[in-house]
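Read through the structure below, which is laid out as C-alpha cells, and then see the notes.
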There are 2 protein chains.
Amino acid sequence: MQTRLKNRKEQIVEVAMDLLQTHGFENFSYLDIANQLSITKASIHHHFAKKEDLGVALCRAIHDWHRQEFGKILTSNKSAPEKLDIYINGMLRFACGKNKICPLSSLQVDVASLPEAMRIELKALDEHELEFIAQVLAQGKQESDFNFVGEANHQAILVVIALKGALQYSRVHGDYIFEQTMAQINQLLVNK
Amino acid sequence: MQTRLKNRKEQIVEVAMDLLQTHGFENFSYLDIANQLSITKASIHHHFAKKEDLGVALCRAIHDWHRQEFGKILTSNKSAPEKLDIYINGMLRFACGKNKICPLSSLQVDVASLPEAMRIELKALDEHELEFIAQVLAQGKQESDFNFVGEANHQAILVVIALKGALQYSRVHGDYIFEQTMAQINQLLVNK
DNA sequence: GTCTATAGCTAGATAGAC
DNA sequence: GTCTATCTAGCTATAGAC
C-alpha cells in the first residue's frame with residue numbers, strides 16, 4: 001500500500017474512486033469514505049465541501065491518469081498491437097480489479113443524476129479515450145498489423161464499448177466474459 | 001397511453017421500469033413513482049411491501065417480456081438477419097427510448113448494492129438473452145447469411161455487449177454512437 | 001486538519017382510519 | 001386500495017471547539 005505516502009486529499013480521492021467503481025457515485029456516502037480512512041465525515045467536507053466537488057476531483061484524477069498514460073503509450077516506439085495491449089492489460093485491467101468496472105462506465109449509467117459539471121467532464125473524458133484508441137488503430141492499419149474494414153474512429157467506438165461492457169458483464173458472470181470478448185476483438189482487428 | 005387499461009400493480013411496475021432505465025434501481029424512490037401516478041408512497045407499499053419485492057417484480061417483467069418476444073422471433077420463419085433486426089429495432093430500441101438504457105445494464109452496474117434475490121434473477125436474464133442471440137447467429141451461419149469466425153455463443157457475447165454499451169454511450173454522446181456500432185456489428189457478422 | 005454536535009432533508013417502512 | 005401520520009435511519013452539509 002502506497003496510501004501512506006499520499007496526503008489526505010489524495011487518499012480521499014483514492015477511496016472514492018474505488019467506491020465509484022464498485023457502487024456508483026450516487027451510491028456511496030461520505031461515511032463510507034470516512035470509515036475506510038478512520039476519520040469523520042466532517043473531515044471529508046473540509047477537503048471537499050460538496051459531494052459534487054469530490055465528483056469533479058474524481059473526473060480530474062481520471063483526466064490526469066489518461067493524459068499521463070495515453071501520452072506515454074502514444075510517444076513510445078511500440079507497434080499498435082503492443083500499444084493496445086498496454087491499454088487493456090496495463091490500464092483497464094489494472095484500474096478495474098476484481099468486482100470493479102471502469103469509472104467512466106459507472107458515471108455514464110448515473111448520468112441522469114449527476115451535477116452538470118460532472119456531465120461535461122464525463123463527455124470530454126470519453127471523447128479523449130475514443131480518440132486515443134482511434135489513433136492506435138489507425139497506426140495499426142497503416143503498418144498492416146490491423147486489417148479491419150472502415151474508419152479507425154468508427155472501429156474505436158466498437159472496441160472501447162466492447163471492453164467496458166465486458167468489464168460490466170464479467171462482474172456478474174465471471175472473468176471468462178472478458179477473455180472471450182478480448183479474443184473476438186483481436187480477431188476482428190486482425191481480420192484473418 | 002395504454003396505462004389506463006392496466007391495473008395499479010402493473011402501472012407501478014411500468015413507471016418503475018422507466019425509472020430503472022433512466023436513473024437506476026438505487027436511485028429512484030417510492031415517492032418518484034407515487035408522484036407520477038398521483039398516489040402516495042403508502043399505496044406503493046401496499047402492492048410491494050419492500051423495495052426488493054418491486055425489484056424482483058421488475059426482473060419478472062423483463063423475464064416475461066423476453067420469453068414472449070424471443071419465442072415469437074425464434075419460432076418465426078424469418079432469416080437470421082431479419083430476426084436480429086427485430087431484436088435490435090423492435091425490442092432494444094423500443095424498450096430503450098430517448099435517454100433510456102437497457103434495464104439489465106442498469107441492474108448490472110448497481111449489482112454490488114442489489115439484494116441477493118435480484119442478483120440471481122439478473123444473471124439468469126443475461127444468460128437467457130445471450131443464448132437467444134447465439135441461436136440467431138448460429139442459424140445465420142448455417143444459412144450462410146453470416147460469416148463470422150469462431151463459435152456463435154462467443155460472437156453473441158460481443159454483439160450483446162456492444163449493443164448494450166452503445167445505448168449507454170448514446171445517452172451521453174448522441175444517437176450516432178448506436179448507428180455506428182450497429183454498422184460495425186453488421187460488417188463483422190457478414191465479414192466481407 | 002480533525003473533531004463533536006446537529007440541522008434539514010429524504011429514504012424505506014409501518015400503523016391504523018376510511 | 002388508498003389515505004394521513006409517524007418512525008427510524010441514512011444522507012449532505014454546517015457551526016464551532018480544539
Side-chain angles (χ1 to χ4, degrees), chain A residues 3-20 22-59 106-107 109-119 121, chain B residues 3-20 22-59 106-107 109-119 121:
Chain A
T3 302
R4 298 287 146 243
L5 300 174
K6 296 182 177 173
N7 66 31
R8 226 347 73 103
K9 204 158 182 170
E10 288 168 336
Q11 286 176 30
I12 292 167
V13 171
E14 189 181 23
V15 171
M17 189 71 77
D18 188 278
L19 289 165
L20 172 67
T22 51
H23 289 78
F25 185 71
E26 302 290 343
N27 232 329
F28 71 81
S29 71
Y30 273 29
L31 183 61
D32 295 324
I33 303 170
N35 285 341
Q36 284 198 38
L37 294 175
S38 299
I39 54 178
T40 62
K41 289 192 292 177
S43 300
I44 318 267
H45 277 286
H46 170 77
H47 295 283
F48 301 100
K50 320 240 166 212
K51 199 180 178 187
E52 174 174 351
D53 300 330
L54 175 57
V56 172
L58 284 166
C59 292
S106 175
L107 291 171
V109 170
D110 276 348
V111 73
S113 321
L114 293 182
E116 180 69 8
M118 289 179 68
R119 274 206 293 269
E121 297 273 355
Chain B
T3 303
R4 298 287 147 243
L5 301 173
K6 296 183 177 171
N7 66 32
R8 207 24 43 114
K9 204 158 180 171
E10 287 168 335
Q11 287 176 28
I12 292 167
V13 171
E14 189 181 21
V15 171
M17 189 71 77
D18 188 277
L19 289 164
L20 173 67
T22 52
H23 290 77
F25 185 72
E26 302 290 342
N27 233 328
F28 72 80
S29 70
Y30 272 28
L31 183 61
D32 295 325
I33 303 171
N35 285 342
Q36 284 197 39
L37 293 175
S38 299
I39 54 177
T40 62
K41 284 196 297 177
S43 300
I44 318 267
H45 277 286
H46 170 76
H47 295 283
F48 301 100
K50 320 241 168 209
K51 199 180 178 189
E52 174 175 351
D53 300 330
L54 175 57
V56 172
L58 284 166
C59 292
S106 175
L107 291 172
V109 171
D110 276 349
V111 73
S113 320
L114 294 182
E116 180 70 7
M118 290 180 66
R119 274 207 294 269
E121 297 273 355

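Chain identifiers are assigned alphabetically (A, B, ...) following the order of the sequence lines, protein sequences preceding nucleic acid strands; residue numbering begins at 1 within each chain. None of these values were measured; they are calculated from a predicted model.
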The nucleotide from C/dT2, D/dT12, D/dC3 with an atom nearest the side chain of B/Ile39 is D/dC3
Taking the side chain from B/Gln36 and the backbone from B/Ile33, do they hold a donor-acceptor pair closer than 3.5 Å?
no
In this structure, how many angstroms lie between the P atom of C/dG1 and the CD atom of A/Gln11, rounded?
12 Å
Determine whether B/His23 and B/Asp32 satisfy the following criterion, side-chain contact (heavy atoms from CB on, under 4.5 Å), listing intermediate values before the conclusion.
CA-CA 11 Å; B/His23 290 77; B/Asp32 295 325; over 6 Å; no
Between B/Leu107 and B/Leu58, is any pair of side-chain heavy atoms under 4.5 Å apart?
no
Phosphate OP1/OP2 of D/dT2 contacted by B/Thr40 side-chain N/O (<4.0 Å)
no
Under 3.5 Å: donor-acceptor pair, side chain of A/Lys41, backbone of A/Ser29
no
Note: for A/Ala49 and B/His46 on DNA chain D, the residue whose nearest nucleotide lies more 5' is B/His46
Rounded to the nearest Å, what distance is computed from the CG atom of residue B/Leu37 to the P atom of nucleotide D/dT2?
9 Å
Which nucleotide in C/dT2, D/dT12, D/dT14 has an atom nearest any side-chain atom of A/Lys50:
D/dT14
No-H, no-angle donor-acceptor pair, B/Lys41 side chain to C/dG12 base, under 3.5 Å
yes
What's the NE2-C1' distance between A/His47 and C/dC3, to the nearest Å?
12 Å
Scan residues 26-35 of chain A against DNA chain C and write down, sorted by residue number, each residue with any heavy atom closer than 4.0 Å; if none is found, say none.
none
A/Ala42 has a side chain; which of D/dT2, C/dT14, D/dT14 sits nearest to it?
D/dT14
